[in-house]
Peer 1: 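If you scroll down you'll find the structure; I have some questions about it.
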Amino acid sequence: MNNITLAPVQTDQPSHLMPVFGRQPISFVRGQGAHLYTADGTEYLDALTGIAVCGLGHSHPAITAAIAEQAATLIHTSNLFEVPWQTAAAQKLAEVAGMEEVFFSNSGAESNEGAIKIARKFGHMQGVATPKIIVADHSFHGRTMATLSATGNKKVQEGFGPLVEGFIRVPFGDIEAIEEAAIHHPDIVAILVEPIQGEGGVNTAPQGFSYLEEIRRICNQHNWLMMLDEVQTGNGRTGKYFAYQHTNIVPDVLTTAKGLGNGFPIGAVMTQGRGVGVLTAGNHGSTYSGTALGSRVVYTVIDTIQKENLVENAANMGAYLVEQFTEQLSEQNVTVRGFGLMVGIELPKACGELVNIARDEHHLIINVTAGSVIRLLPTLNINKKQADILIERIVKMVKNFLA
Ligand SMILES: *Cc1c(COP(=O)(O)O)cnc(C)c1O
């Protein structure tokens, strides 16, 4: 550790950063497993993990070694050449995702851009001149122009019109609204939804995952692409490798990012079934698509999730958290929702300040989404002892807050 610079020297110069983020008044200089540390060495339990990103925990030795070795060997050559790590990562990812084709992108939004392009091209191949995609209320798909247009949140869109056209919005979980849309819009070519809405408040549809089965049926009936945004729910987070695997159906297009790189920025858009073969040479690309470095990280993340049985651990620990929160907060008028280690505790009132209270009084890093939902996204390898500490701190805090 002696030769490692943990943070640059602080200055009191004005910041040159665009002020687009509402930041908390704290910074971390080191992470280890489920914990983060400030410069003075104070330890925080991390139940946010960089927003569902660092599933393997901070400074996991396998990821550190993969990055260090590959950085010292070969980082990037471009896709004008074969990239052996990219081929290997795609094979591993396709296997766990149940998909056939993989395109590596650099973020969640970019993965969804790829899905939107696939849907449009799929439409044009069938002579649909103005292909449309059904999207849901309260969804979040990213911050690029097409993905913010697909997003079901006015705040994300405000100030950025004209929006990208070609999206038809329906209430999340409303199958009749989809069937109604099909009658009025003969140019629909695809549906894009999240299996569990993360930013929207850790919500499944009211009918649960059977919503996805219904969507599959409708997509088959109309020859539409079924596209799932698993940017947040993928990579073991919900106690299955991908959340759709809680069902018996398979989507045609699947996107992911966040946990795919454990902090290294990389995402993927994948296809099977009628999504295969839509994008061909010259249709899509990215300078950084599947660099040797990024691909080796993906390969190592998947390999580690498998070797350490982290999907199983996420399912078990997640079930334990939900059971304990439900029991210990039974008199608090809260709703506990959980799928693996994607856990939401909905409070009867707005609770944004709990982020600060958790951090300052309980040394716990959490997130509050949709105004009144505590969202917990701990490391996939969280152990029972750490889970018990998390439960104890959350229960105490929520009881105080609602007292
Ligand atoms: C975070 C997220 C995105 C956007 O991913 P970025 O990497 O921030 O572009 C898209 N969809 C869902 C469901 C997300 O949770």
Side-chain angles (χ1 to χ4, degrees), residues 18 20-22 48-55 97 103-119 133-153 155-157 160 164 167 169 172-173 190-205 209 211-212 215 226-238 240 242-244 246 251 253-270 286 288-290 294 297-298 301 337 339-344 367-370 373 375-377:
M18 272 188 204
V20 297
F21 297 108
L48 176 62
T49 56
I51 319 181
V53 168
C54 303
F103 175 86
F104 287 109
S105 60
N106 307 289
S107 69
E110 234 188 84
S111 305
N112 288 331
E113 285 279 340
I116 292 163
K117 283 180 69 176
I118 290 170
I133 301 169
I134 293 182
V135 291
D137 278 340
H138 307 295
S139 59
F140 183 78
H141 298 298
R143 299 280 193 161
T144 61
M145 276 314 305
T147 59
L148 77 81
S149 302
T151 289
N153 180 342
K155 268 198 266 174
V156 172
Q157 300 173 336
F160 302 109
V164 173
F167 296 104
R169 197 164 302 286
F172 187 57
I191 303 183
L192 172 65
V193 293
E194 298 152 87
I196 303 164
Q197 294 187 326
E199 304 307 303
V202 193
N203 298 317
T204 48
F209 288 125
Y211 180 48
L212 301 182
I215 288 179
M226 176 174 183
M227 313 203 295
L228 291 181
D229 176 348
E230 294 225 33
V231 169
Q232 186 163 157
T233 53
N235 309 291
R237 177 54 56 187
T238 73
K240 294 281 182 185
F242 283 89
Y244 87 78
H246 289 284
V253 179
L254 181 67
T255 64
T256 195
K258 292 198 165 94
L260 185 65
N262 207 57
F264 189 93
I266 192 161
V269 54
M270 300 171 264
S286 165
Y288 289 136
S289 175
V297 172
V298 167
V301 166
R337 295 188 282 268
F339 311 90
L341 288 170
M342 185 169 181
V343 176
N367 173 250
V368 168
T369 189
V373 181
R375 181 171 51 157
L376 303 175
L377 300 159

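Treat the numbers as computed from the prediction; the structure is a model and nothing was measured. Numbering of ligands and ligand atoms starts at 1, following listing order. FYI, the numbering just counts along the sequence from 1.
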Peer 1: Ser107 heavy atoms, cut-off 4.0 Å: which ligand 1 atoms fall inside?
Peer 2: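 Listed by number with element: 7 (O), 9 (O).
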Peer 1: Taking Phe140 as the fixed residue, which of Thr147, Leu148, Asn153, Val156 is the one that meets the side chain to side chain contact (heavy atoms under 4.5 Å, CB included) rule?
Peer 2: Val156
Peer 1: Has ligand 1 got any nitrogen or oxygen that is less than 3.5 angstrom from a nitrogen or oxygen of Ala257?
Peer 2: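 No; every N/O pair is 3.5 Å or more apart.
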Peer 1: Might you point out which heavy atoms bring Leu212 and Met226 nearest each other, and give the distance in Å?
Peer 2: O-CE, 3.5 Å
Peer 1: Mark up the atoms of ligand 1 that fall under 4.0 Å of a heavy atom belonging to Gln232, in ascending order.
Peer 2: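 Those of ligand 1 that fall under 4.0 Å from Gln232 are 15 (O).
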Peer 1: Could you list the residues that satisfy side-chain hydrogen bond (donor to acceptor under 3.5 Å, both in side chains) with Thr151, not counting sequence neighbours?
Peer 2: none
Peer 1: Can you confirm whether Phe167 is buried at CZ, in the sense that more than 12 heavy atoms of other residues, nucleotides or ligands lie under 6.0 Å from that atom?
Peer 2: yes
Peer 1: Atom 11 (N) of ligand 1: which protein heavy atom is closest, and how many Å away?
Peer 2: Asp229 OD2, 2.8 Å
Peer 1: Quick one: which ligand 1 atoms are inside 4.0 Å of a heavy atom on Glu194?
Peer 2: 13 (C)
Peer 1: For ligand 1, which atoms have a heavy atom of Asn112 less than 4.0 angstrom away?
Peer 2: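 Those atoms are 10 (C), 11 (N).
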Peer 1: For His246, is the NE2 atom crowded, meaning more than 12 foreign heavy atoms sit under 6.0 Å from it?
Peer 2: yes
Peer 1: Under the side chain to side chain contact (heavy atoms under 4.5 Å, CB included) test against Val202, which residue among Arg375, Gln232, Gln197 passes?
Peer 2: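 Answer after filtering Arg375, Gln232, Gln197: Arg375.
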Peer 1: Starting from atom 9 (O) of ligand 1, locate the nearest protein heavy atom and write down its residue, its atom name and how far away it is, to 0.1 Å.
Peer 2: Ala109 N, 2.8 Å
Peer 1: Specify the protein heavy atom at minimum distance from atom 6 (P) of ligand 1: its residue, its atom name, and the distance to 0.1 Å.
Peer 2: Gly108 N, 3.5 Å
Peer 1: Starting from atom 2 (C) of ligand 1, what is the nearest protein heavy atom, named by residue and atom, and what distance separates them?
Peer 2: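 Atom 2 (C) of ligand 1 sits closest to the protein heavy atom Lys258 NZ, 2.5 Å.
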Peer 1: Residues two or more places apart in sequence or in another chain: which of them pass ring pair (Phe, Tyr, Trp, His ring centres under 6.0 Å) with Phe103?
Peer 2: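 Scan of Phe103 (ring pair (Phe, Tyr, Trp, His ring centres under 6.0 Å), adjacent residues dropped) gives His284.
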